[in-house]
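Structure first, then comments.
As the structure lists them, so they are numbered: ligands from 1, and atoms in each ligand from 1. Small disclaimer: the values here were computed from a predicted structure and weren't measured.
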Amino acid sequence: MDVFINILALSGSELAKTDSEKRMIVYLSEKDQITGQGIVGFCITDMPWDKETFSEDKAFMIKVIHGARNKLGWEKLEYQPNEEIVSLYLGNFERLINRMSIEDIRENALNDWLSQADADDPVYNGFPRCKKHGTFLTCLGCQVCNS
Ligand SMILES: [Zn+2]
């Protein structure tokens, strides 16, 4: 089930403007492990939240979810996502993000994640994008190309 991350990456890559927003989308694109029943396979408190920009970044994530629901960037996919399944995943993810508060941010989540990246990692190199999909690259390349 890479579909859920594919569409979040497409929507998020069109909407992200600040570095903290771009980091969120790169993080998501690295996590393409999704378990069944519409549950995301990672803990949202481990996302690279920055306490300084938390409320903006949370609002951004909700916008990304709405973008994905409105098929933002779907024309770049070579398949047609199942709208019913996608809507279930997006609804669950939106509820989790809505419940997230600044107190939930795991201490050092951002620094821990950044410290795992090499100097040539996209997060340290101006957030390059996939030429085909326009999505932010991760250390593994383009999440949409790879899925
Ligand atoms: Zn690509």
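Contacts of W74 classified as ring-ring contact (aromatic ring centres under 6.0 Å, His included), with partners at least two apart in sequence or in another chain: none. Take Y124 and apply the ring-ring contact (aromatic ring centres under 6.0 Å, His included) test, not counting sequence neighbours, and it matches no residue.
One finds the OH atom of Y89 at 10.5 Å from the CD1 atom of I7 (value rounded to the nearest 0.5 Å).
Among protein atoms, those of element N, O or S found less than 2.8 Å away from the Zn ion (ligand 1) are C130 SG, H133 ND1, C142 SG, C145 SG.
Around atom CD of E52, no more than 12 heavy atoms belonging to other residues, nucleotides or ligands sit under 6.0 Å away.
Ion pairing between a basic and an acidic side chain is recognised when a charged N comes within 4.0 Å of a carboxylate O; K76 and E14 show such pairing.
Each side chain to side chain donor-acceptor pair (under 3.5 Å) pair with one or both residues in residues 125-140, not counting sequence neighbours, appears once here: E78-K132.
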